[in-house]
Every structure is written in structure tokens, then in C-alpha cells.
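My structure is below; once you've seen it, I'll send some questions.
Hydrogens, waters and symmetry mates play no part in the numbers below; they use all other heavy atoms, side chains included. In the text below, chain A, chain B and the rest are named by the order of the sequence lines, each starting its count at 1.
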Amino acid sequence: MLDIKLIRESPDLVRDNLRRRADDSKMQLLEELIQKDQQWRKSLERTNALKAERNTLSKQIAETKKSGDDASELMARSAQIPKDIATFDSETQALKTRVDEILMSLPNLLHESVPVGADDTANQVVRIWGKPREIDFELKSHGSIAESLGLADFDRAARISGAGFYYLKGDLALLDMALVNYAVNFLVERKYTLIEPPFMMRRSAYEGVTDLGDFEQVMYKIDGEDLYLIATAEHPMAAMFMDEIIDVDTLPLKFVGFSPCFRREIGAHGVDTKGIYRVHQFNKVEQFIFCNSDDSWTLFEELQGNTEAMFQALGLPYRVVNVCTSDIGTLAAKKYDIEVWFPRQGKFGEVTSCSNDTDYQARRLNIRCGKHGSDNKSVPHTLNNTAIATSRAMVAILENYQNADGTVTVPEVLRPYMGGKAVLSRP
RNA sequence: GCCGAGGUAGCCAAGCCCGGUAUGGCGCCGGUCUCGAAAACCGGUGGUGUUCCACCUCGGGAGUUCAAAUCUCCUCCUCGGCGCCA
């Protein structure tokens with residue numbers, strides 16, 4: 001959520017920023033917001049004047065009665081006011097409701113370095129790390145590797161849960177847990193506090209952490225309950241301090257969360273996406289930070305550095321892209337994606353996403369920072385980055401580390417988490 | 001799921017029966033004092049607006065009333081007990 005004061009004081013700054021997204025409907029909403037906000041303030045003023053009159057009369061009545069005099073004339077005058085107040089009040093509230101509604105639907109201000117573009121081809125490559133292995137045999141897709149080794153069962157999963165689900169078996173299930181443990185240990189060593197969050201959230205909390213469109217497109221709702229399955233551990237970590245004031249001396253708060261992630265939308269199917277590339281459920285280790293506004297750009301690079309260090313240790317070639325205006329979404333001011341090399345598809349694919357949401361997400365959640373009782377409270381910045389989403393990471397490992405004989409080598413850093421195992425083998 | 005008790009400012013409480021517009025303590029911020037700190041004392045410490053002023057705020061909503069934290073109804077949430085349970 002944007003600061004309404006910023007919109008009042010510097011509407012052109014907001015307009016110019018929004019123009020970069022080339023979204024006419026949002027621009028119209030902004031203009032409506034500016035207009036309705038002015039009307040709301042006028043309406044509020046009139047309503048308040050009436051309430052002031054009522055309060056004054058009320059006080060006089062109380063005093064008159066206390067001194068034993070007759071207050072019936074004052075009471076008769078006062079009796080007219082509530083009707084007028086009710087009329088003005090409902091008008092004021094209607095305007096305010098609309099103002100808030102628009103405010104919730106406007107996107108964050110973009111950082112100046114975000115590239116402008118109409119689709120993801122405009123994403124800007126920031127750097128490339130590593131070189132794809134030279135492979136002189138016919139590459140298999142991750143799904144057929146896993147199936148032929150007996151390490152995954154997609155058909156039975158589809159029968160009992162539908163497409164987009166999976167059974168992982170034996171060493172592949174172990175690899176999943178190894179990736180989680182590796183990422184958690186890596187970040188705990190760097191002083192991030194491990195969080196195991198709730199896997200479901202109420203709507204009121206969820207509206208603060210994400211785009212309203214996600215409710216229709218992405219999230220699973222529990223039937224008959226006000227509960228949604230989380231799409232990422234980012235969400236419960238962000239909402240953790242909803243409606244609170246964080247003691248400024250404790251910032252920055254650095255967390256590493258672990259959770260399964262549930263998502264309805266899985267997109268296109270195909271021979272290379274059969275398996276665990278696009279799924280309704282996957283495990284993910286996620287980084288999250290609350291910090292002072294001055295520190296967020298430094299910490300943004302720290303989060304990105306953490307994840308790159310892990311993918312380097314895993315020996316997976318990747319590139320980093322600066323995500324463009326059409327692809328960045330509503331919350332982030334800037335976003336880096338890591339795209340790992342998928343040899344079978346012969347292209348880079350997204351495996352992590354690092355966002356600086358500046359004060360936008362915290363304001364939606366009504367989180368402030370400062371000292372209790374002091375005047376200078378402000379809105380903290382929030383940042384999030386994937387550490388490792390195990391599903392995509394496993395696809396990358398299966399494809400990049402596959403051998404001519406159909407086996408898969410285990411990346412060295414993961415072996416301590418797999419009982420020293422160097423090769424994935426049939427159960 | 002059933003029964004009970006609760007929800008008041010950053011935290012803890014009072015006020016509710018009997019309606020008259022938010023009371024105290026802790027914490028925190030500022031000041032006095034001090035070489036500095038502690039203590040003590042003084043002031044401040046929810047939100048909004050056109051900020052010397054006014055309005056709103058006692059979980060949320062509706063109602064009664066000139067006037068609601070207080071009375072009535074609805075609703076949400078939390079805690080405790082029972083039930084179920086890894």
C-alpha cells in the first residue's frame with residue numbers, strides 16, 4: 001500500500017512512476033483516488049462540524065441538569081442533529097471505503113533501475129555464473145530420470161490427488177530433505193532465525209501480504225473455514241507482526257522459514273514439465289527481513305548473495321535477471337530472479353525470486369517500527385528471497401548431474417545430509 | 001463440538017451493576033539535576049483532518065438515547081474446562 005500522504009503531496013511523482021508500468025486502468029484508479037480523497041476530506045470536515053455542535057450541546061445539557069435547571073429546550077435542539085450526522089456520516093464512510101479500496105489495489109513504486117518492458121523477454125541479465133557441463137549422451141528429462149530410477153511416482157499421485165502432485169521415493173525424497181537441511185543450516189550460520197510458520201492463514205492477514213488477485217488465481221481455501229493454505233512461508237513471516245510496533249532497536253530481523261507451499265495455478269503442461277517442475281505443492285526454504293528503510297537496498301543484495309552462494313555450492317550454472325515492469329508484480333520495488341540452466345530444455349528457468357517490497361507490504365499489514373511512546377514511528381521495509389525451492393532445485397540437479405548410465409550424481413555439499421551417498425540409486 | 005470467563009492505549013489493570021465523554025501503574029521519549037549515569041521530580045506517550053483547533057478511538061457492527069467503554073441485540077477473536085486427538 002502506498003502512503004496516502006505521498007500521493008497528496010507528490011501526485012506527479014506517483015503518476016510518473018505508475019506510467020512506467022503502462023497500465024491505464026491503474027492510472028485511472030489513481031486519478032479517482034486523488035479526487036475521492038479530496039471529497040472525503042471535505043465531507044469529513046462537514047461531518048465533524050456537526051459532531052462538534054452535538055458534543056457542545058451535550059455538555060451543556062449535562063451541566064444544566066447537574067445544576068438542577070430545565071434542559072428540555074437544549075434537548076429539543078440537540079434532537080435534530082443525529083439525523084443530519086447520519087446522512088453526512090454515511091457519505092463520508094462511502095468515500096473513505098472507496099479510497100481504501102483503491103489504495104489497496106495500487107502497486108508499489110518501482111526502483112529506478114527496473115527495466116521497462118511488455119513481457120519477460122525484457123528482463124535484464126545482470127550476470128551469469130558457471131558453465132553448462134558438456135554432455136555427449138542423449139539427455140533425459142528430470143521426470144523420466146526419476147521414474148526410471150523408481151524415485152518418483154506421478155501416475156499414482158495423479159490418481160489420488162490429481163495432476164500436479166507426486167510421490168517422491170527413496171533417494172529423491174532424501175534429496176528433498178537434504179536440500180532443506182542444507183539451506184537452513186547455511187542461513188542459520190549467517191544468523192538468520194529459523195521459523196516454522198503456520199501453513200494456513202486467515203483472510204484478513206492474507207490480504208496484507210499479497211496481491212488481491214492471488215485469492216482467485218493462486219490460493220487454496222479451506223472449505224467452510226476462514227483459512228487459506230500458504231503459497232510461501234514469506235506470507236506468514238510477513239504477517240507475523242501485523243498491527244504491531246516493532247522496537248526499532250531490534251532491527252533488522254532476519255528470518256529463514258521452512259514450509260510446504262500450496263499453489264493452484266500450475267500453468268502449461270508438456271514433456272519437459274511432467275514431473276515436479278510445476279506442481280501444486282512443494283517444499284521451500286525462504287528468507288525474510290524486516291529492516292529500517294535506510295538498510296533495505298544493502299540487505300536486498302545480501303539476500304541475493306546468500307542464494308547465489310548456495311547455487312554456486314550446488315554447482316548449478318545460472319544467470320541473474322533484473323525483472324522488468326510487466327513481470328514484477330504489485331508488491332516489489334525491485335526483483336531479481338535466479339534462472340538455472342536446464343540442459344534438457346536448453347534454457348534458463350526461474351528457481352528463486354528476491355524482492356524488496358520497501359514499505360508497501362508493511363503498510364498493508366499496519367506494521368510500524370519505533371519506540372513505544374515516542375513520536376517518530378515509521379514503517380519498516382520488508383524483503384524476501386527464496387533460499388531453495390526443493391522442487392525446482394531437484395529438477396536442476398537431476399538434469400545437470402545425470403550420467404550416461406541413467407544414474408544421477410549427488411552434489412558434494414549435499415552428501416553429508418544424505419548419509420554420504422554420492423549417487424542416487426534405485427530403492 | 002459443548003460449557004465457562006474475557007477483549008480498555010506498547011504492556012498490565014480500573015471504570016461497566018447505577019449512561020454525562022479515558023483513570024492508575026509499568027515501560028518508553030523529552031526536560032531539570034549530574035563530569036556521566038542511576039535515583040528523584042516535571043512534561044509527554046492511540047488515529048485522522050485544512051494540526052494554536054476539531055473529530056474519532058474501549059475487538060467489530062447495529063440499535064436505544066440529547067449523550068454509550070457503560071444499556072440491548074448480532075458477530076469475530078482469545079483464554080480456561082470438558083470431549084476428540086499425533
Side-chain angles (χ1 to χ4, degrees), chain A residues 1-11 33-104 196 198-208 222-228 236 239-251 253 260 290 292 359 362-380:
Chain A
M1 193 163 82
L2 296 176
D3 187 353
I4 186 74
K5 284 179 183 160
L6 178 75
I7 296 173
R8 281 175 197 152
E9 286 160 18
S10 317
L33 172 65
I34 290 168
Q35 195 196 0
K36 290 269 159 65
D37 178 56
Q38 276 171 2
Q39 291 174 7
W40 169 67
R41 284 184 288 168
K42 271 191 196 136
S43 182
L44 183 68
E45 205 187 332
R46 276 189 310 225
T47 312
N48 282 350
L50 273 175
K51 287 183 176 176
E53 196 184 335
R54 179 199 58 193
N55 290 346
T56 312
L57 279 169
S58 246
K59 239 174 242 170
Q60 286 173 5
I61 290 166
E63 279 162 22
T64 308
K65 282 191 163 182
K66 213 180 270 176
S67 64
D69 296 338
D70 179 25
S72 55
E73 194 190 324
L74 283 168
M75 282 166 68
R77 262 210 287 159
S78 198
Q80 298 305 316
I81 296 177
K83 280 178 218 133
D84 294 337
I85 289 179
T87 311
F88 283 116
D89 234 0
S90 62
E91 182 191 307
T92 308
Q93 273 175 30
L95 285 163
K96 178 66 170 156
T97 302
R98 183 59 183 154
V99 164
D100 290 343
E101 201 176 273
I102 298 175
L103 212 46
M104 282 295 271
E196 186 175 311
F199 299 161
M200 300 179 208
M201 288 169 61
R202 292 189 179 132
R203 175 135 191 159
S204 61
Y206 228 125
E207 283 181 348
I222 303 296
D223 189 35
E225 307 268 348
D226 177 24
L227 285 172
Y228 293 81
M240 191 152 64
F241 298 105
M242 180 171 75
D243 296 324
E244 290 193 44
I245 298 169
I246 301 174
D247 187 333
V248 73
D249 294 340
T250 66
L251 296 178
L253 296 172
F290 293 93
N292 278 308
D359 59 357
R363 187 173 289 108
R364 281 175 86 103
L365 285 161
N366 188 30
I367 298 171
R368 289 166 296 161
C369 60
K371 279 282 174 196
H372 299 307
S374 88
D375 281 340
N376 46 7
K377 293 186 194 79
S378 58
V379 179

Checklist entry - If the P atom of B:rG31 is compared with that of B:rU50, how far apart are they to the nearest Å? => result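 It comes out at 31 Å once rounded to the nearest Å.
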Next on the checklist: I need the minimum non-hydrogen distance between A:Leu74 and A:Thr64, along with the two atoms involved.
Outcome noted: CD1-OG1, 3.6 Å
Item to check | 5' precedence on RNA chain B between A:Glu53 and A:Ser78 (nearest-nucleotide basis) | outcome: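 This one resolves to A:Glu53.
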Checklist outcome for this item: Checking N1-N3 plus N6-O4 or O6-N4 for Watson-Crick, or N1-O2 and O6-N3 for wobble, each under 3.5 Å, the partner of B:rA40 is B:rU32
Checklist entry - Taking the P atom of each, how far is B:rG6 from B:rA86, in whole Å? => result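 Straight-line distance between the two P atoms is 34 Å.
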Checklist entry - Given the P atoms of B:rG7 and B:rU70, what is the spacing between them in whole Å? => result 12 Å
Review item, side-chain donor-acceptor pairs of residues 362-370 of chain A, under 3.5 Å, at least two apart:
| unit_1 | atom_1 | unit_2 | atom_2 | d |
| --- | --- | --- | --- | --- |
| A:Arg363 | NH1 | A:Met1 | O | 3.0 |
| A:Arg363 | NH1 | A:Asp359 | OD2 | 3.3 |
| A:Arg363 | NH2 | A:Asp359 | OD2 | 2.9 |
| A:Arg364 | NE | A:Glu207 | O | 3.2 |
| A:Arg364 | NH1 | A:Met104 | O | 2.7 |
| A:Arg364 | NH1 | A:Tyr360 | OH | 3.3 |
| A:Arg364 | NH2 | A:Glu207 | O | 3.1 |
| A:Arg364 | NH2 | A:Thr210 | O | 3.1 |
| A:Asn366 | ND2 | A:Asp243 | OD1 | 3.0 |

Checklist entry - Which of these nucleotides, B:rG49, B:rU50, B:rC66, is closest to any side-chain atom of A:Pro82? => result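 Nearest to the side-chain atoms of A:Pro82, counting from C-beta on, is B:rC66.
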Checklist entry - In Watson-Crick or G-U wobble terms, both distances under 3.5 Å, what is the partner of B:rG19? => result none
Item to check | Side chain A:Thr97, main chain A:Gln93, donor-acceptor under 3.5 Å | outcome: yes
Item to check | Contacts of A:Phe88 that satisfy ring pair (Phe, Tyr, Trp, His ring centres under 6.0 Å) - sequence neighbours left out | outcome: none
Checklist entry - Sequence neighbours excluded, which residues qualify as salt bridge (charged side-chain N to carboxylate O under 4.0 Å, His left out) partners of A:Asp84? => result none
Item to check | Counter-base of B:rU45, judged by Watson-Crick or G-U geometry with both distances under 3.5 Å | outcome: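 Checking every strand shown, B:rU45 finds its partner in B:rG27, with both distances under 3.5 Å.
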Using nucleotides 76-79 of chain B, report all nitrogen or oxygen pairs with the protein that are shorter than 3.5 Å.
| unit_1 | atom_1 | unit_2 | atom_2 | d |
| --- | --- | --- | --- | --- |
| B:rC77 | O3' | A:Arg202 | NH2 | 2.9 |
| B:rU78 | OP1 | A:Arg202 | NH2 | 2.8 |

Checklist entry - What form does the base of B:rU75 take, syn (within 90° of 0) or anti? => result anti
Please list, for nucleotides 19-22 of chain B, all pairs of protein and nucleotide N/O atoms separated by less than 3.5 Å.
| unit_1 | atom_1 | unit_2 | atom_2 | d |
| --- | --- | --- | --- | --- |
| B:rG20 | O6 | A:Lys65 | NZ | 3.4 |
| B:rG20 | N2 | A:Ser58 | O | 3.3 |
| B:rG20 | N2 | A:Ser58 | OG | 3.4 |
| B:rU21 | O4 | A:Ser58 | OG | 3.0 |

Checklist entry - Any ion pair linking A:Glu45 and A:Lys42 (charged N to carboxylate O, less than 4.0 Å)? => result no
Next on the checklist: Could you tell me the Watson-Crick or G-U partner of B:rC82, where both distances fall under 3.5 Å? Say none if there is no partner.
Outcome noted: B:rG1
Checklist entry - Mind checking the C1' distance from B:rC58 to B:rG19? Whole angstroms is fine. => result 15 Å
Checklist entry - So, is A:Arg368 near the phosphate of B:rG10, with a side-chain N or O under 4.0 Å from OP1 or OP2? => result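 So the side chain of A:Arg368 is outside the cut-off, no N or O lying under 4.0 Å from OP1 or OP2 of B:rG10.
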Next on the checklist: Do the side chains of A:Lys65 and A:Asp70 get close enough for a salt bridge, i.e. N-O under 4.0 angstrom?
Outcome noted: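 Answer for the salt bridge query: no.
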Nucleotide N/O of nucleotides 61-65 of chain B paired with protein N/O under 3.5 Å:
none

Checklist entry - If you measure from the P atom in B:rU48 to the same atom in B:rG43, how many Å do you get, rounded? => result 26 Å
Checklist entry - Between A:Arg41 and B:rU50, does any side-chain N or O lie under 4.0 Å from OP1 or OP2? => result yes
